[in-house]
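Here's the structure we're looking at; comments come further down.
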Protein chains: 2
Amino acid sequence: MSRTTLDTAALAHDLRLAVMRFSRRLRNQRVDTSVTLTHLAALSTLRQHGPMSPGELAAQERVQPPSMTRVVVALEGMGLVTRTPHPTDGRQVVIDLTPAAQGLLDEEARAREAWLSGRLQDLAPEERAVLREAAEIMEKLAGG
Amino acid sequence: MSRTTLDTAALAHDLRLAVMRFSRRLRNQRVDTSVTLTHLAALSTLRQHGPMSPGELAAQERVQPPSMTRVVVALEGMGLVTRTPHPTDGRQVVIDLTPAAQGLLDEEARAREAWLSGRLQDLAPEERAVLREAAEIMEKLAGG
DNA sequence: TATTGTTATACTCTATAACTATA
DNA sequence: TATAGTTATAGAGTATAACAATA
C-alpha cells in the first residue's frame with residue numbers, strides 16, 4: 001500500500017470521528033427546542049434555493065422522501081411552510097416558506113448559531129479559511 | 001456589524017449545513033449493518049486511547065453517560081468489549097476491547113471506510129490537506 | 001454528600017416497504 | 001408503466017430524570 005493510500009485511510013478515519021463528534025455537539029447546542037436542527041436545515045435550504053417539491057428538498061438534504069414528508073408535515077403544522085398543488089403536474093406539491101419562517105430564520109441566524117459563531121470568532125482567521133474551504137469540500141463529498 | 005462578524009455568521013450557517021449533510025451521508029453509507037457507526041466510533045476511541053471507564057468514553061464521544069451505557073451494553077453483547085471492575089474504585093468499570101474487536105476494526109479500516117477513502121482519493125492533494133486541518137479544528141470546536 | 005453508573009422513559013431522526021394518485 | 005408523494009412501521013441514536021452503589 002502506498003504512502004498516499006495510507007494517509008488517505010488515516011484521514012478517512014479521523015475525519016469520520018471529527019464530523020460525528022462535531023455534529024453531535026451542534027445538535028445538542030439547541031436552546032429553543034420547538035424547531036429542531038433538521039427542521040432548520042430544511043428551512044435554510046428553502047430560503048437559499050426557493051420553493052421546491054418535497055422530493056427535491058429530500059435530495060438537497062440527502063434524506064429519503066418519507067423522511068422529508070415528516071419534516072414538511074411538522075413545519076406545516078407550525079405554520080412555517082405552505083403546501084400548494086403544482087400548477088401543471090397534479091402529482092407534485094410545492095413547498096414554500098411563510099413570513100413566519102422568514103422571521104424565524106432571521107432570529108435563528110442571530111440566536112441559534114450564536115454558539116457556533118462565537119466559537120468561530122475565537123479561531124484564527126486562517127482556521128476559519130480552512131473551515132470555509134472544508135465546508136465546500138464536504139458538500140461535494142456528500143453530494144456525488 | 002463588522003465585515004468579519006458577517007463572514008463568521010455566514011460560515012457558521014454553511015458549515016452547519018455541510019456537516020449535517022456529510023454526516024448523514026456517512027451514516028447511510030454503511031453496508032455491514034451489524035455494527036453501527038456509533039458503535040464503531042466508540043471502538044475506535046478505545047483502540048486509540050486504551051481502556052477507560054464508560055464516563056470517560058462518553059466524554060470523549062460527546063454523549064451523555066446513559067447513551068454510552070447503551071452502546072457499551074450492545075458491544076458487550078456482541079463480544080466486542082469487556083466490562084471489568086475497577087481495581088481500587090468499586091464504583092467504576094473499565095471497558096476494554098476484545099481480540100474480536102481488534103480484528104473487526106482492522107477489517108473496517110479496509111471495508112467500511114472504503115467509500116470515504118475512495119472519495120478522498122478522488123480529491124486533489126490540497127483538498128485532502130484542507131480536510132486534514134479541518135478535522136483537527138472541528139475536534140477542537142467539539143471539545144471545549 | 002458527591003461521584004459513577006445504570007434503569008426507565010421518551011423524543012428525534014431516518015429508513016424500507018407498501019399504498020395512492022396522477023402522468 | 002413510471003413518477004411523486006404519503007402512510008405504516010421499525011430501528012438507531014440520544015437525552016433527561018430517577019435510582020443504586022460506592023467513596
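Predicted model, so just to flag it, every value in this text is computed and none were measured. Chain identifiers are assigned alphabetically (A, B, ...) following the order of the sequence lines, protein sequences preceding nucleic acid strands; residue numbering begins at 1 within each chain.
- For residues 34-52 of chain B, every residue pair satisfying the salt bridge (charged side-chain N to carboxylate O under 4.0 Å, His left out) rule, not counting sequence neighbours, is listed here: B:Arg47-B:Asp106.
- Between the OG1 atom in B:Thr38 and the CG atom in B:Leu75 there is a gap of 10.0 Å [rounded to 0.5 Å].
- Cluster membership for A:Val94 and A:Val81, using ILVMFWY side-chain heavy atoms within less than 4.5 angstrom, is not shared.
- No side-chain heavy atom of B:Leu141 sits under 4.5 Å from any side-chain heavy atom of A:Arg25.
- The stretch residues 79-93 of chain B touches DNA chain D through B:Thr88, B:Asp89, B:Gly90, B:Arg91, each having a heavy atom under 4.0 angstrom from the strand.
- Between the CD atom of A:Gln64 and the C1' atom of D:dT7 there is a distance of 16 Å, given to the nearest Å.
- Among the nucleotides D:dG5, D:dG13, C:dT6, the one closest to the side chain of A:Thr69 is D:dG5.
- Rounded to an integer number of Å, the gap from B:Met68 CE to D:dT14 P is 8 Å.
- Nearest to the side chain of B:His39, among C:dT14, C:dT16, D:dG13, sits D:dG13.
- Heavy atoms only, all atoms of each residue included: A:Gln102 and A:Leu97 are closest at NE2-CD1, 3.8 Å.
- Listed candidates were D:dT7, D:dT14, D:dT16. Nearest to the side chain of B:Arg70 is D:dT14.
- Whole-Å rounding puts the B:Arg62 CZ to D:dA15 C1' distance at 17 Å.
- The shortest distance between the side-chain N/O atoms of A:Arg24 and the OP1/OP2 oxygens of D:dT14 is below 4.0 Å.
- A:Ser23 and B:Arg27 share no donor-acceptor pair across their side chains, judged by distance under 3.5 Å alone.
- Remark: A:Arg27 is not in phosphate contact with C:dT12, judged by side-chain N or O atoms under 4.0 Å from OP1 or OP2.
- In terms of heavy-atom proximity, B:Pro54 sits nearest to B:Val93 at CD-O, 3.3 Å.
- The distance from atom CD1 of B:Ile95 to atom C1' of C:dT4 is 12 Å, rounded to the nearest whole Å.
- Rounded to a whole Å, the CZ atom of A:Arg21 is 12 Å from the P atom of D:dT14.
- A heavy-atom distance below 4.0 Å to DNA chain D is reached by these residues of residues 42-59 of chain A, ordered by number: A:Ser53, A:Pro54, A:Gly55.
- Contact annotation for A:Thr38: backbone-only contact, meaning every heavy-atom pair under 4.0 Å involves sugar-phosphate atoms and none involves a base.
- By the 4.5 Å heavy-atom criterion applied to side chains, B:Met78 and B:His39 are counted as neighbours.
- Mapping A:Val94 and B:Val71 onto DNA chain D by nearest heavy atom places A:Val94 closer to the 5' end of the strand.
- Not one N or O on the side chain of B:Ser117 forms a donor-acceptor pair closer than 3.5 Å with the backbone of A:Ala12.
- Rounding to whole angstrom units, CZ of residue A:Phe22 and P of D:dT14 are separated by 16 Å.
- Per the geometry, CG belonging to B:Leu40 stands 15 Å off C1' belonging to D:dG13, to the nearest Å.
- For D:dA15, the OP1/OP2 oxygens have a side-chain nitrogen or oxygen of B:Ser67 closer than 4.0 Å.
- Between the CG atom in A:Leu17 and the CD atom in B:Glu139 there is a gap of 6.5 Å [rounded to 0.5 Å].
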